[in-house]
Number of protein chains: 2
Amino acid sequence: MPRTTQTDLAVLAALSVTPMTGYALREAILDHLGAFWSESFGQIYPALSRLREAGYVEAFDGERTGSSTYRLTASGRTQLVDLMREAPVRTPPRNGMLLRLFFGDVLGARACRELVAEYRDLATRQLAELAEARRATEADDAGTSQRPYQLMTISAGEHSARAALAWADETLASLDALVAAGR
Amino acid sequence: MPRTTQTDLAVLAALSVTPMTGYALREAILDHLGAFWSESFGQIYPALSRLREAGYVEAFDGERTGSSTYRLTASGRTQLVDLMREAPVRTPPRNGMLLRLFFGDVLGARACRELVAEYRDLATRQLAELAEARRATEADDAGTSQRPYQLMTISAGEHSARAALAWADETLASLDALVAAGR
DNA sequence: TCGCAGTATATCTGGTAGACATGTATCTGA
DNA sequence: TCAGATACATGTCTACCAGATATACTGCGA
């Protein structure tokens, strides 16, 4: 699918903020980009080796035995900009909840209700996490040039989660009506 | 990631509506589930073979030479219900546009503006497609037991696309302000 | 000091997308 | 009528990627 691996872009971008170990990289991506991006160890470590061979990052010994910290090189920064300029790869949609709901008469209205209720809970949790992220970002004094962009991505999550919530409420009402009408 | 392949579920569900060839299956998934699901030929054909060996579908000669039409069996319908009852697999998020926007100061406000503008266009197109799908579904006389569920999934797409649109407009304004402020 | 939680690295399996290769049937316009 | 375009149809191959699993070290509290 991708012309070039998306993992490389995410890894280089994260390392452009500060040098990190592979483990810390994954934590950072989960914490800061978790709402719209994810990376697994199975991708991160091979990517780091690849990027090191290409000269885009360099490794130096970490604080613990057997741990290396990776730092972006000058050519790595150039490569990062190049990758950023490429058109974003659109990952095909796969929403298991909507797939099941579409064939809802196979499952029954009651089970569908449960599915949508879980989806609603998820949106609520996301909204809480985003509120926390917004607070943290607005309180942070450092990195003022990055802040406006980070707030835009947080806002994207908020719009999306609020839409999910509104849809779930509307849909739960419809499903209740279906259940009341004897399924 | 998945306990059991998601493709099997989608294929069985689609065949529960009407028998189809692999090619038609892909068309149907694209047309009716395209807003929240996708399948490639590379998944569909192996899945059909697998499901046939397991006795969940049966093949009979299609209208053209070398084409087979697949039909759900009784045990296939049981398996479909079982798969439907499993908890939906949550695919990890990967939004390349937001990844780039988060590191927007690497790319510059102008390039970010373009990225968001494209995203806005996409949402507009989706909204138009969903309006068409809603019209078609509401006009269709057949399948009254499926219709309410189908309308719920269409509504999910509409909520999501409208949220994307609102966010894009808000964000384009912010980016314009950044550009005006000398990036 | 024992065990547990957290840090850290690495590999393996299998699901999946998309490109590609191949061929057939049907339609359209010259 | 026939050539080429278009739609139908099947299948394979490569590479991306997630998640599970294995391994080991470290620091802390009981």
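All chains are named by letter (A, B, ...) in the order of the sequence lines, taking the proteins before the strands, and each is independently numbered beginning at 1.
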query: Starting at the 5' end of DNA chain D and moving along, which residue's nearest nucleotide shows up first, Y70(B) or P93(B)?
result: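 Mapping each residue to its closest nucleotide by heavy atoms, the 5'-most match is Y70(B).
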Identify whether [X] and [Y] are in the same connected component of the hydrophobic contact network (ILVMFWY, side-chain heavy atoms under 4.5 Å).
| X | Y | result |
| --- | --- | --- |
| L151(A) | W167(B) | no |
| L72(A) | V17(A) | yes |
| L127(B) | L122(B) | no |

To the nearest Å, how far apart are [X] [atom1] and [N] [atom2]?
| X | N | atom1 | atom2 | value |
| --- | --- | --- | --- | --- |
| R90(B) | dT16(C) | CZ | C1' | 18 Å |
| E27(B) | dT10(D) | CD | C1' | 14 Å |
| D61(B) | dA25(C) | CG | P | 13 Å |
| R94(A) | dG15(C) | CZ | P | 11 Å |
| N95(A) | dT16(C) | CG | C1' | 17 Å |

- request: List in numerical order all residues of residues 17-26 of chain B for which some heavy atom is under 4.0 Å away from an atom belonging to DNA chain C.
  value: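 Residues of residues 17-26 of chain B that come under 4.0 Å of DNA chain C do not exist, since none gets that close.
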Residues within residues 38-50 of chain B bordering DNA chain C, heavy-atom distance below 4.0 Å: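 Contacting residues: S38(B), E39(B), S40(B), G42(B), Q43(B).
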Nearest 0.5 angstrom please: [X] [atom1] to [Y] [atom2], how far?
| X | Y | atom1 | atom2 | answer |
| --- | --- | --- | --- | --- |
| Y70(A) | L15(A) | OH | CG | 10.0 Å |
| T78(B) | Y56(B) | OG1 | OH | 8.5 Å |
| S68(A) | Y45(A) | OG | OH | 9.0 Å |

- request: Could you tell me whether the phosphate oxygens of dT16(C), OP1 or OP2, come under 4.0 Å of any side-chain nitrogen or oxygen in T7(B)?
  value: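 Affirmative; the distance criterion is met.
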query: Side-chain N or O of T5(A) less than 4.0 angstrom from OP1 or OP2 on dA15(D)?
result: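 Negative; the distance criterion is not met.
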field: Donor on one side chain, acceptor on other, Q150(B) and T137(B), under 3.5 Å
entry: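 No, no side-chain donor-acceptor contact under 3.5 Å.
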- prompt: For R26(B), which residues count as a side chain to side chain contact (heavy atoms under 4.5 Å, CB included) partner, sequence neighbours excluded?
  reply: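 Once residues adjacent in sequence are excluded, the partners of R26(B) under the side chain to side chain contact (heavy atoms under 4.5 Å, CB included) criterion are F41(B), I44(B).
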task: Choose from dA18(D), dT10(D), dC17(D) the nucleotide whose nearest atom is closest to any side-chain atom of P92(B).
output: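 Shortest atom-to-atom distance from the side chain points to dA18(D).
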Side chain to side chain, M20(A) and E27(A), heavy atoms closer than 4.5 Å: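 Side-chain contact under 4.5 Å: no.
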